Chemist: 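Could you have a look at this structure, given as C-alpha cells, before my questions?
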Amino acid sequence: VIHFHNGVLVAGSLNNMPKGISTRLVNEDDLTAIVSLAPANHPVTDLSVAAMTSGLSLDVVVGTKVITPIILMFTGECSSVSTHPVVLLRVGRGAEVVVAEWHNTSVGLSAPLMAIDIADNARLDYAKIQQDGATTTHLAATGIKMGEAAVLDGFQLSIGGCLARLEAHVMLAAESADCRLSAIYLGRRNQHHDITTNMTHARGHCRSNQVIRGVLDGSARGVFQGKVHVAQDAQKTDGQQMSRALLLSRKAEADAKPELEIYADDVICAHGATVGELDETQLFYLTSRGIPREVARAMLITAFLDDAVDTIENIDLSAMLRPHVTGWMQEQEEIVDA
C-alpha cells in the first residue's frame, strides 16, 4: 500500500515494496514523461502538474511478474484542501503488474493525475475505486500508452463525491495491443457521475472493449462519453463500447454520447447505449415466489451490474471491487425500506 494523505505522500509508504518495483519522487525527466503521456491541453493535466502536492514514479522492471497488488490509497479530511497527486507508472517490456487506486477522501477538490506507459508484451491489471465524501469534487485524468501486444485490463468504479469525473485517454500506439476498460457508476440524491474515455487506435490489429453500467436514484445524474478514434493505418481494428443505465427514480437522468471516428476501411467497430427502468414483469415474477420486493430489486440490479464486474479477470481486483458494489446495494435497500 502506497498512502497519500491530503495529496501528500506519507513517509514510509515506499518501504517494503515488492521485488521488481522501483520507486522515487518524480524528477525533471519524469515530469517530461508525464506531460507526454497525460491528456494534452487538459485542465486537470495543467492544474495538477502546476500545483502538484506529491509526485511519485513507479517502474516495473523488464520481464518481472509482480503478483502482489500495488494499492495507491488516497485519504484526506480537510474540506478546504485541494489535492493534486501525480503518479507515473511504467510497466517494462514483458512485465506484469496489478495496480489499484482507492480514493476515500473528504477534501474539497481531488484532482489526481495518472500517466501510464505499458511497454511491448507487458500487462497491467488496473482498477480505480472512487469513494470520496459527499461534498468532494473529484476530477481525475489518466493518460495511457500501450506498446506492441500490450494488455490492459482496466476497471473504474465511481460511487462517492458530489461531482465526479473519471477521464481516461488511451493510445494504442503499436500493433496487437488489447485494451479492456470498463466502468460502473452508482449515484443517488444529487450526485453527478461522469465517465469519459478517449480510445485512439493508432496502429492496426488492436482491440478495445468498453462495458459501462450505471444505476441512478433520487435526482442523480450519470454521463458516459466514449470516443473511439481509428487512424487511417489502423486496419483490422476491433473497437467495441456499450453503455447501459438503470434509473430507479423518475427524477434521475442518464446521458450517453458514444462516438466512433473511423478513417480505416477494414475494421469491426460498434457502439450502443440504452437507458431504462427495472422490469416490473421480472419484479412481479420474483415477488410472486415469496421474495420481498426490496430483495427482488437488489437481485435485478446486481444482475444488471454483473456484466461489467465479470469483465475483471484478476481475482484480487474483483474481490476488492465487489464489496463496494454490494455495500452500495445494501445502503440502497435501507433507503427503500425507509
Side-chain angles (χ1 to χ4, degrees), residues 127-132 134 138 155-166 180-197 209-226 240-258 270-312 317-338:
K128 174 172 181 172
I129 301 170
Q130 186 281 115
Q131 199 178 23
D132 287 338
H138 184 99
F155 193 89
Q156 301 182 96
L157 175 61
S158 187
I159 300 177
C162 61
L163 187 154
R165 179 181 175 112
L166 279 57
R180 297 181 293 278
L181 186 61
S182 299
I184 287 176
Y185 58 87
L186 305 172
R188 59 168 64 100
R189 300 184 181 92
N190 293 314
Q191 284 183 297
H192 180 117
H193 292 290
D194 184 321
I195 303 293
T196 296
T197 62
N209 187 44
Q210 301 174 73
V211 178
I212 314 298
R213 295 289 183 272
V215 180
L216 301 168
D217 202 357
S219 299
R221 182 180 180 185
V223 177
F224 169 66
Q225 303 177 89
Q240 309 291 325
Q241 59 175 336
M242 185 65 198
S243 169
R244 290 194 172 101
L246 186 63
L247 304 183
L248 305 180
S249 164
R250 292 301 177 94
K251 295 181 180 180
E253 177 181 342
D255 302 306
K257 184 191 174 188
H271 62 65
T274 65
V275 178
E277 300 175 312
L278 282 174
D279 191 324
E280 287 295 332
T281 302
Q282 294 177 351
L283 270 176
F284 175 78
Y285 177 85
L286 295 174
T287 55
S288 67
R289 277 145 182 81
I291 299 174
R293 185 176 177 86
E294 293 74 20
V295 176
R297 281 167 53 94
M299 290 172 63
L300 293 176
I301 296 171
T302 300
F304 172 77
L305 296 174
D306 274 347
D307 281 348
V309 178
D310 288 344
T311 64
I312 307 170
L317 293 184
S318 179
M320 184 185 301
L321 285 159
R322 283 188 182 276
H324 296 286
V325 176
T326 303
W328 189 90
M329 293 295 304
Q330 291 173 346
E331 293 177 9
Q332 187 63 28
E333 290 181 37
E334 295 172 1
I335 292 174
V336 172
D337 289 340

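Note that these values count all heavy atoms, side chains included, but never hydrogens, waters or copies made by symmetry. Throughout, numbering of the chain's residues begins at 1 and tracks the sequence. Note that this is a predicted model, so its numbers are computed, not measured.
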Chemist: Let me see the working for Leu300 and Asp279 under side chain to side chain contact (heavy atoms under 4.5 Å, CB included), right down to the final yes or no.
Modeler: CA-CA 9 Å; Leu300 293 176; Asp279 191 324; 5.6 Å; no
Chemist: Which heavy atom in Asn190 sits nearest to a heavy atom in Ser219, and how many Å separate them?
Modeler: OD1-CB, 3.4 Å
Chemist: Applying side chain to side chain contact (heavy atoms under 4.5 Å, CB included) to Asp306 and Arg322, what does each step give before you reach the verdict?
Modeler: CA-CA 10 Å; Asp306 274 347; Arg322 283 188 182 276; 3.4 Å; yes
Chemist: Would you give the length of the straight line joining atom NE2 of His324 to atom CD of Gln130, rounded to the nearest 0.5 angstrom?
Modeler: 11.5 Å
Chemist: If every non-hydrogen atom of Gly161 is compared with every non-hydrogen atom of Gln191, which pair is closest and at what distance?
Modeler: O-NE2, 2.9 Å
Chemist: Minimum heavy-atom separation for Arg188 to Trp328, with atom names?
Modeler: NH2-O, 3.1 Å
Chemist: Indicate yes or no for a side-chain donor-acceptor contact from His193 to the backbone of Leu186 under 3.5 Å, with no hydrogens or angles considered.
Modeler: yes
Chemist: Once rounded to the nearest 0.5 Å, what's the spacing between atom CG of Leu181 and atom OG1 of Thr311?
Modeler: 9.0 Å
Chemist: If you measure from CG on Asp307 to CE on Met242, what distance do you get to the nearest 0.5 Å?
Modeler: 10.0 Å
Chemist: Pick from Ile212, Ile159, Val223: which one makes a side-chain contact (heavy atoms from CB on, under 4.5 Å) with Tyr185?
Modeler: Ile212
Chemist: To the nearest 0.5 Å, how far apart are CD1 in Ile129 and CD in Gln156?
Modeler: 11.5 Å
Chemist: I'd like to know if the side chain of Gln241 and the backbone of Gly226 have a donor-acceptor N/O pair within less than 3.5 Å.
Modeler: yes
Chemist: To the nearest 0.5 Å, how far apart are CD in Glu277 and OG in Ser249?
Modeler: 9.5 Å
Chemist: Kindly compute the distance separating OG1 (Thr196) from NZ (Lys257), expressed to the nearest 0.5 Å.
Modeler: 9.0 Å
Chemist: Please report the closest heavy-atom contact between Pro258 and Ala256, naming both atoms and the distance.
Modeler: CD-C, 3.5 Å
Chemist: Begin with the C-alpha distance, continue with both residues' side-chain angles, and end with the deciding distance and a verdict on side chain to side chain contact (heavy atoms under 4.5 Å, CB included) for Ile301 and Leu278.
Modeler: CA-CA 8 Å; Ile301 296 171; Leu278 282 174; 4.1 Å; yes
Chemist: Does the distance from a Lys or Arg side-chain N to an Asp or Glu carboxylate O, for Asp194 and Arg165, drop under 4.0 Å?
Modeler: yes
Chemist: Decide side chain to side chain contact (heavy atoms under 4.5 Å, CB included) for Leu321 and Phe155; before the verdict, give the C-alpha distance in whole Å, the side-chain angles of both, and the deciding distance to 0.1 Å.
Modeler: CA-CA 9 Å; Leu321 285 159; Phe155 193 89; 3.6 Å; yes
Chemist: Testing the basics here: between Leu216 and Ala220, what is the closest heavy-atom pair and its distance to 0.1 Å?
Modeler: CD2-CB, 4.0 Å
Chemist: Heavy atoms only: give me the nearest Ala296-Ile291 pair and the separation to one decimal.
Modeler: N-CG2, 3.8 Å
